[in-house]
Structures are given as C-alpha cells and as structure tokens.
Amino acid sequence: MPESAQMSVIGKAQPRIDGPLKVSGTAMYASDFHFPGMLYAVPVEATIASGRVTKLDTAAAEKMQGVRAIFHRENIGKIFRSVQGQGFEGIIDERRPPFEDDFVRYYGQYIALAVADTFESAKAAADVVRATYAKEKPNVDTDLKADDEPDVVATSYAPTKRLQSERGDAESAFASAPVKLDQTYVTPTETHNPIELQAKTAIWEGANLTIYEESQGVFNLQGVLAQMFGLPKENVRVITKFVGSGFGSKLWPWTHCALAVAAARQLGKPVKLVISRKMMFQSVGHRPRTQQRVRLGATTDGKLVSLQHDYVNHHAILDNYHEDCGEATPFHYSVPNLRVKFGRARRNVGSPTAMRGPGAVPGLYATESAMNELADQLKIDPVRLRVLNEPKIDESLGIPFSSRHFLECLELGAEKFGWSKRKPGVGSMKRDGLIIGWGMAGCAWIAARFPAEASVQLRDDGTVRVASGTQDIGTGTYTIMAQLAAEKTGVPLDKVEVALGDTSLPAGPISGGSMVTGSMVPAVFAAADNAIASLLTIATTTPGSQFEKRKADNLAFEGGRVFVKADGAAKGVPFADLLRRANLRLVTGNGKSEATFGNPKPMFSTHSFGCHFVEVTWQPAIARLGVSRVVTVIDAGRIINPLAGRNQIEGAVVMGIGMALLEHTSYDPQNGAPINSNLADYMMAVNADVPPIEVHFLDFPDKEINELGARGIGEIGLAGIAAAITAAVHHATGVHVRELAVKIEHLLTSSVLS
Ligand code: MOS
C-alpha cells in the first residue's frame, strides 16, 4: 500500500487511460481488423415470422460479380448444438444453430448468407436471394398471459422455480389489509442500441479458429464456438480489444457469429460479418415486454402487510429467457407476507436477452410505482412510506445485508433535491409558467463477484503490466485495472499497461451484472502480491543485491521500492534496479478470486442501493412534457474512480429518461417485424431530452465484496428511474401512466389544464 492516502490512486477521478486511443480513432474495434484475402458476409433475413422456407432461389445471387458463395442449409457444413456447462459456461440464448431446419420462428431469422469480395457485393447478392414460404400467422400479441408451464422451468442459465420467493400468507394478509393497491404495470419491448454494430471476423488456420468480436464475455464465446465447431476449447481464440457498448446484447453469442465462422471454414478465407442496425432489432436480443401485477396491502399508517408480485415476460419460440422482474422484490422492503411468481408467454420474436439491469429495471418500475401510488392513497409522503418499511435484514433469506444504506440515500437525495418543499397536490407546483411535478423512487442491484484471474508483471523498465481476459465495454475497465495495479505497485498510471479482451489471457469474468470491478479487485491484488513476493525473493538471492542474504520477511515493498522494514521506505531500491541487477526482464504474479455469485448459502445479502428524485415540466396547452432535473444517490460501496462512476450513472439515467418517455419496439401484427427498427423511428433520449443530472455517491465500503469495499455501479442507475419519472408525471398531470413509454396521448386526459 502507498505510504499515505494522498498517494493512493483509488477513489480519484482518473480520466480514461484509453481515451486518447478512442478520440484519435486508433482503438481497434472488432470491425476494424483487416486481413489479406478477407471476404465479407451479409446474412439473408426471413421476411415472415412464422412458417417454413419451401424454396430458396440463390441462382441469380451466385452469378453476381465478386460473389464467392451463397450459403444455406444444404452447403453451410456441420454446425453442432452447444450445451450449457457449469456456472457461466456454454450460455447462448438462441440455442438452435443457424440453418438447422427450414422453420422460421421470427422475422429476420437468418435463412442464407451471401459471401463476396466486398461488403457491397455481398449485400447486393443477399438482396437478390429469393425465398418462398409456407406462411403462418405470427403471434406477436402484446397482451401477455402466462403459458401453461411446470413449476420449475428451464431458463437461459439454470432451471428456475416460478414461485421465486414466498413468506407468510400474502393472499389472506392482502384480503384483510385495511388499505389495498392492485395495479398492473407494463413495460414494452426495448432494443439495445449500442453505437457499435455487432461485428466479427473469423479466421481459420488448420484446426485453429481466431475470432475478433465485440464480446462482453470472450471465454463463454470461446466455449460455445468450440462446441458448435467440434473443436477443443484451446483451439479457439477470441479477441475483443474495444467494445462500443453492449448493454447486454453482446453478452452471449448470436447466430450470425456461427455463420461467419462456418463461412470462413467453407471458403478457407477470413470472413468479416457486420450486421445492420435493422438486424440489431431482430436477432441479437432485446428486453422483453413485461406485464406485472403488483398487489400491496398496508395498514392505515403505512406499514406494508402484504406484497404480491406476479409477472409475465414474452420470450421466443427458440429460447427460455426469463426476465427476472422479481430480483429486488423479496428484500427491498420489510413485509411479513410476500409472494413473487413469474410466468412466460411465447411469441414469434427473436430471443430476448439481458438488457442493462435485466429484471430489476422493469421490476422496480412496477414495484416502486406501486409504492408511489400507495403513498398517494395513504396521503403519506413517498419518502416517508419507504422509511416506514425499511427492513433490518434481508427478510427473504433471513440474513443480514453486508452494507445497506438506503435510508442515507433517501435522506441525502431529499436534501439535495429540496424535497421538503414539495406540495402534494396534483398540478399545484409551478415555475416560470410551467407546471412542475416531483417524483422519487428507490433502486437496488445485485452486488457479487464472478470467478476472476489476473496476472501482474513488474518489469525492468519500471513499468507494470496487468492482464485479464475480461473486457472493457466502454465502462472504464482499462482504467480501473490500471488503478488497481498502480495502487499495489506504486507505479504511476501512465506506466501501467493493461491487457484485456483475449482468451489467451488469464480467465476473466463476463462484462455483465456490473460485477467486473468487484470481481477483479481481489484477483489483481493477489496477483500483485505474488509478483512482489517473487521480487523480494529475487532481492534476497541475487548476488550483489543490496538485500542479499536478508530474509524476505524483513523486507517490505511500497511505492515501487523494496526496503528493509527497519530502515524505512526512504532507503528503498526501485524494483526496476533489482530486476536489472538480476538480469530479469520481469517477474510475474498470478492471482485468482472465487465467485460469491450463486453461493447457495450466503452469510450476507449483498446489493447496491440508491434513489432518484426527478422533476418534470408540463405545458398542458401544447401537451409538452420534459424531465427538467434529476438527483440520483447511489450506495455502491467504495467508488474506485468517481469520474468513471459518475459517467456510468449519468448514462443510466439518460437511458432511464428514454425508458420512461420514449423507448419501445413495436412488432407489426401482420408480418411480425419490429417496425421501428432504425435509429430514426426508435426513439431514445438524446441531448435535448436530458437535463443536468446530479449524482452523489455514498461512501460505505462493503468489505464482503472485496478488500476495497467496491461494488459495481453500471446498471443500478437505470433501476427505479422510470418509476420516479412516472410519479413526477402524475404529480404534474394527475395521470397515472402504467404502461411505458409515457406518450402524449396518455396525457391528453390530464385534468391539469393550465
Ligand atoms: Mo449487463 S445487461 O449484465 O450487460
């Protein structure tokens, strides 16, 4: 550890170490890699959402200039099915290999692949492939009723009980509760729209496959491809240097990836495949539509006595995706009687997948909206209602929280926002001729560790290299890794090299669940400790070393120097000098940390918490609504880099404004196509929609997660925000919108006319 807290790089607002590469255009994203003889592939999409391909006419396409092949079921070669392994292994949402049969289950499913010398030729060829179909009417019905399924169902990850959590007798407690709320909340299909399109380049050298891909999980992709192409895992190398965001859509492999690999195999050339924005809406996941019934029973003074959360998500014909809307429900508030249960409804859509804050984000929209409506019904301030129902322990598991400071979040948020000035009456607050509405909501997100490995090298030029096969998906992992290595080795950040995104590196975690930082801390620290231990041994055994014949135990390492404990750091020798004297380029330490995620018998309930306070403005004369102010407080343990942390929360709040007011993917009931499948028609929050966002972090280190007490901060900022916005909308307009996104037509019934 450094001599003083001043020297520590932890907790400092460090700009991104990869920033210069990105702004200068030299950062290599998956589609930036070029290879001699490389060919381009463009998939052909089904234009029906249900039925069969009866005939595929590829003759015209095959004759086009520059075309190398049109692949389909007959000539793509063998692609095996993959199977789930242990933990996060072998995960893929759409398990069916591409082209496995003639059936079409969703609009945009790939039915052929054109490969040509240029992207333009491949696209032109794909466009002239003609398919004849036996069409069936697709089911993209938006009203979701749970299909008939057993009590335990398969999901993308593991068999899961549909009755997720139960205590007491929620039904009878609800029946006898003096105050009741029973409402259904709907969230629409939302599509991930990272700016970087999904891209991959596949290269075979004999029985070895290398793939450049924008993956949020290179090791899972390696395992899945090894299975699909019948290879030993070590024959597959996945490289992901930079990712232009993913939001979950790049967590697990998609079918076009296998197509690129199969085409490269058949043609013996590197093949690049970059999908279109339209395809991004069809075949690489989305947040599924959810329909959630929430029933709350309370006493007249605001104590919850019963909570029931019954929800349904749509999923595809080809997958088992479960949107875990009940993730936060069982522990968020104190309530003696609770029941959380889910069902699913199959539709002719591409497979859903995790999207930023999967489950908890739509889930907390519903449960926090219900809490806000209950507060109105009880005429209790919504902050007060939450304080009244603060749990002492995680009542679902009967264990303590490792670190829960939700009440402090509420207190700080209310103070910074000026909540005490809120007048409860609908339409009662005005500023500059506009009606203003204030709303708030709480949020939570899981905090845990995945297994992680890292290596740290001390080198003879005084630099350090830290490596792990995790990824930086734009969230700041390169910078955090450099900070962790700098903290332990005392080397300044600009002398730390970080290597990520490669299956040839020590196994790193998926960039998912906001768990990378928390997972990497102990692995990098252990690796650095081991590198330092080797260095001390070298110091005591190298002939001519100042520390020759001393005991390693009597030496210490601090600020990049080795010294005799009794003499103090000032008399230390830089590690580079010791390495040079020993004629060593470097010493390496490896570190590993175990998972806490999925622990069947945890001692503590570990989560991050937070809250949002939101102001909207409402102009009834022109039915204009906007978010004008947001204060967000996050309790995520120790913040390693407040700059990157604030970026994450601000980004999530921007996405939350989009979720509440704009985002929704609509399927055409005739052909099942997502019809707003482009960035013009799919509305997202942009600069003009976003007011100043005030982000505050509490600073309560959570030592259950790692020695720094740092939990993750990516996803929590999106949880709860939509409920805070719809509460503010109600406060301004008197309209309860229970189906996102809030549209002008919802507000035309507003009783607030001026
Ligand atoms: Mo996040 S949905 O775990 O990428």
Side-chain angles (χ1 to χ4, degrees), residues 87-88 91-93 155-158 187 189-196 198 213-221 240 242-254 280 284-288 290 313 315 319 321-325 327-328 351-365 443-452 470-477 480 500-501 508-520 595-598 606-608 636 644 647-649 651-652 654-656 658-659 663 711-722:
F88 276 102
I91 300 178
I92 183 166
D93 282 304
T155 71
S156 302
Y157 311 118
T187 63
T189 300
E190 290 177 86
T191 300
H192 318 72
N193 275 293
I195 287 304
E196 183 199 24
Q198 299 224 8
E213 161 139 357
E214 30 41 40
S215 173
Q216 289 180 241
V218 294
F219 284 94
N220 181 71
L221 178 58
T240 297
F242 288 93
V243 182
S245 265
F247 306 120
S249 64
K250 298 168 181 173
L251 273 170
W252 320 121
W254 294 105
M280 296 278 285
V284 295
H286 56 266
R287 194 198 297 283
T290 73
N313 68 265
H315 69 135
D319 79 291
Y321 185 76
H322 162 222
E323 180 77 14
D324 188 1
C325 298
E327 198 259 329
S351 174
T353 196
M355 177 165 160
R356 205 174 194 178
V361 164
L364 282 160
Y365 158 67
C443 59
W445 181 247
I446 185 167
R449 292 199 321 255
F450 290 126
T470 186
Q471 308 71 212
D472 188 331
I473 60 170
T475 46
T477 304
I480 299 288
L500 301 175
I510 57 165
S511 297
S514 307
M515 288 197 239
V516 170
T517 297
S519 306
M520 289 314 309
T596 62
F597 184 74
T606 53
H607 304 271
S608 285
N647 286 167
Q648 282 299 295
I649 301 303
V654 170
M655 214 161 162
M659 176 184 177
E663 291 198 40
R711 296 193 294 242
I713 37 172
E715 289 156 280
I716 186 167
L718 181 53
I721 176 98

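Model, not experiment: these values are computed from the prediction. In listed order, ligands and their atoms are each counted from 1.
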Any heavy atom of Lys250 sitting closer than 4.0 Å to ligand 1?
-> no

Over all atoms of both residues, closest heavy-atom pair of Ser215 and Val243 | O-CG2, 4.0 Å

Element-labelled atoms of ligand 1 that are located less than 4.0 Å from some non-hydrogen atom of Gln216 = 4 (O)

Closest approach of Pro194 and Ser249, non-hydrogen atoms and distance?
-> CG-OG, 4.0 Å

For Arg356, the ligand 1 atoms whose distance to one of its heavy atoms is below 4.0 Å = 2 (S)

Mark up the atoms of ligand 1 that fall under 4.0 Å of a heavy atom belonging to Gly512, in ascending order.
-> 3 (O)

From Ile92 CD1 over to Ser156 OG, what is the distance, rounded to the nearest 0.5 angstrom?
-> 10.0 Å

Under 4.0 Å, heavy atoms only, figure out whether ligand 1 is touched by the backbone of Pro358, its side chain, both or neither.
-> side chain

Verdict with supporting geometry, Tyr365 and Met659, side chain to side chain contact (heavy atoms under 4.5 Å, CB included) | CA-CA 10 Å; Tyr365 158 67; Met659 176 184 177; 4.3 Å; yes

Hey, is Glu715 touching ligand 1 through its side chain, its backbone, both or neither, going by heavy atoms under 4.0 Å?
-> side chain

Test Val361 against Arg287 for side chain to side chain contact (heavy atoms under 4.5 Å, CB included), laying out the working first.
-> CA-CA 10 Å; Val361 164; Arg287 194 198 297 283; 3.7 Å; yes

Taking the six-membered ring for Trp, are Phe88 and Phe450 parallel (under 30°), tilted (30 to 60°) or perpendicular (over 60°)?
-> perpendicular

Atoms of ligand 1 under 4.0 Å from any heavy atom of Gly248, numbered from 1 in the order shown, are 2 (S), 4 (O)

Does Gly513 come within less than 4.0 Å of ligand 1, judged by its heavy atoms?
-> yes

